[in-house]
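The block underneath contains the structure these notes are about, expressed in structure tokens.
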Amino acid sequence: MATSVERSAPARTKYEPVIGLEVHVQLLTASKIFCSCSTRFGDPPNTNVCPVCLGLPGALPVLNRKAIEFATLAAMALNCEIRETSIFARKNYFYPDLPKGYQISQYDKPLAEHGFIEIETNAGRARTPGAPQTKRIGITRVHLEEDAGKSLHEGFVGAGETTAIDLNRSGVPLIEIVSEPDIASPEEAYEYLTRLKEIILYTGVSDVNMEEGSLRCDANVSVRPRGEKKFGTKTEVKNVNSFRFIREALEYEIERQIEVIEGGGKITQETRLYNSVEGKTYGMRSKEQAHDYRYFPEPDLLPLVVDEKWRTQIRSTLPELPEARRKRMMSDYGITAQDAHTLTLTKLLADQFESAAKAAKNPKRVANLVQSELTGRLKAKGLEIEQSPITMKGVAESADLVESDVISGKMLKDLYDLAFERGKDFPAVYEEEGRPEQSRDTSALEKIIDEVLAANPKQVEQYRGGKKTVSGFFVGQVMKLSKGQANPQLVNELVAKKLD
Ligand code: ADP
Ligand code: ZN
Ligand code: MG
């Protein structure tokens, strides 16, 4: 791929990509959207099924209240307007894992519309310092629908010759979140998905786990000459199973489209698959048009009414969302944007940090320790912050010990090293080490200082000759000899007193 990128580099700047994402998110309800079968992931195939989700004739769907509440909550978190009356529709198509021959979805009257997600355009791979630049990516619609079953091609007797169908997933509630074609680069697409996932996680309506298929993304992309208003013909890349691969697939697809157009060809509207090993997309089938699906209102379901009272009730369960929380935490604790970012990676972490910080003597010190002492050690061990042996409570406790001068910064570092070695939290290690305290024993310190001064007559002379900065050298030597146990402040004072 490298050579083709180089070859088309000048052509590349003549074009700009246009990207729109369609994201399916599985809602974490206990039962399916139109029946009471379990939605549990990983159960033996075809054990969570009934006439409704098997699509047997005459079986009637009954709408799951929880699914509506979750979908509405997610749509609110994505700044959408909720439609008072939305309509379920049949989307007709044949697929082996769709036994009814149609999917119940929503079409021209979806649950929610006109939302947006704010992304940072200078974030991403190389997070640039300074104020974040933000951009709104419009959300066209959020609608409710049911999932289809799953075709299995491996992992059973006879695989290779036959395909098996597991209908456990049939009828699991999904929301589809459709973005406006506002995304201007693969990097922005990556950022959009990261923010989307984070927001959904905060609402708690889904675990948005890509491996288990509870978040799936189809990426639509076209290119057009820079400055052109009209969109080019798009292709849709389906079934990409990580955000990183989506970014790569888009990068490849943009290059491919430019090359086709530069070569005098035309882009055909089609669905393509991404091969992550080769880093290439392949045409799969020509894209259906909406009218191919023969949508019509679902006759077995009444219009869905989410009235104002219900909306208010749902809105009251909306938690503080990550973006707002970061801003508030920056002002509440005087921490940097970078700190706030790390500390809000998950809602749980942010909650833990805040309760620890509130109880600590100096919240800012807690945040600083996370950044200066925790993240580096985690990275070295390949751990995520949620897997840290030192909890937020542990960080807060250590911060308090430094704050009240009981231990020095050097001692804290050593104790953190021990905690990581032993895989134990800070308080446990602090106990194991016999609750060490930094030395405030002036007579012992004075003895060390005398030794240091005696051993370095040349530096003493320099100091007395007016080169006051040499005192730093003495403090360093004393700290070293006291094995970091001395209070640096105190050593400073004592050294100055001795020398003057
Ligand atoms: P379809 O009917 O083919 O599914 P939609 O109009 O529903 O198309 O749009 C699907 C997604 O594709 C949306 O996210 C939309 O923003 C995006 N999209 C639409 N037109 C284009 C285009 N020309 N280039 C890139 N993305 C597009
Ligand atoms: Zn069922
Ligand atoms: Mg569409």
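Given the structure is predicted, the values throughout are model-derived calculations rather than measurements. The analysis underlying the following values was restricted to heavy atoms, covering all of them including side chains, and did not include hydrogens, waters or symmetry mates. If you read the sequence from its start, that first residue is 1, and numbering goes on from there. One-based numbering, in listed order, for ligands and for the atoms of each.
Partner Thr344 forms a side-chain hydrogen bond (donor to acceptor under 3.5 Å, both in side chains) with one of Glu354, Glu320, Arg326 and no other, that one being Arg326.
A salt bridge is absent between Asp332 and Lys358; no separation between the charged side-chain nitrogens and carboxylate oxygens falls under 4.0 Å.
Taking the six-membered ring for Trp and the full ring otherwise, Tyr107 and Tyr293 have centroids separated by 6.0 Å or more.
Asp218 approaches Lys238 most closely through the heavy-atom pair OD2-NZ, 2.9 Å. Among all heavy-atom pairs drawn from Val205 and Ala74, the shortest one is CG2-CB, 4.0 Å. Of all the heavy atoms in Ile139 and Cys80, the pair that sits closest is CG2-SG, 4.1 Å. Contact between Thr39 and Gln26 at its shortest, heavy atoms only, is O-NE2, 4.4 Å.
Residue-to-ligand polar distances keep Val221 apart from ligand 1: every N/O pair is separated by 3.5 Å or more. Between Ile19 and ligand 1, a contact under 3.5 Å exists for no N or O pair. For ligand 1, the polar-atom distance check against Thr233 finds no nitrogen or oxygen pair separated by under 3.5 Å.
Angle SG (Cys35) to the Zn ion (ligand 2) to SG (Cys37): 110°, rounded to 10°. Rounded to 10°, the angle formed at the Zn ion (ligand 2) by Cys50 SG and Cys53 SG is 110°.
Nearest to atom 19 (C) of ligand 1 by heavy-atom distance, out of Gln269, Lys234, Glu236, is Lys234.
Short contacts between ligand 1 and Glu180, defined as distances under 4.0 Å to a heavy atom of the residue, involve ligand atoms 16 (O). Residue contact check: Gly232 has heavy atoms under 4.0 Å from atoms 23 (N) of ligand 1. Close contacts of ligand 1 with Val178, meaning ligand atoms under 4.0 Å from a residue heavy atom, involve 13 (C), 14 (O). Remark: ligand 1 atoms within the under-4.0 Å shell around heavy atoms of Val18 are 24 (N), 25 (C). Within the listing of ligand 1, atoms 14 (O), 16 (O), 17 (C), 26 (N) sit less than 4.0 angstrom from a heavy atom of Gly20. Atom numbering of ligand 1 starts at 1 in the shown order; those under 4.0 Å from a heavy atom of Phe231 are 23 (N).
Contact annotation for Leu21 and ligand 1: only backbone heavy atoms (N, CA, C, O) come within less than 4.0 Å of the ligand.
With values rounded to the nearest 0.5 angstrom, Ile82 atom CD1 is found 12.0 Å from Ile68 atom CD1.
The main-chain N or O of Ser31 is never found under 3.5 Å from a side-chain atom of Lys66 such that the two would form a donor-acceptor pair.
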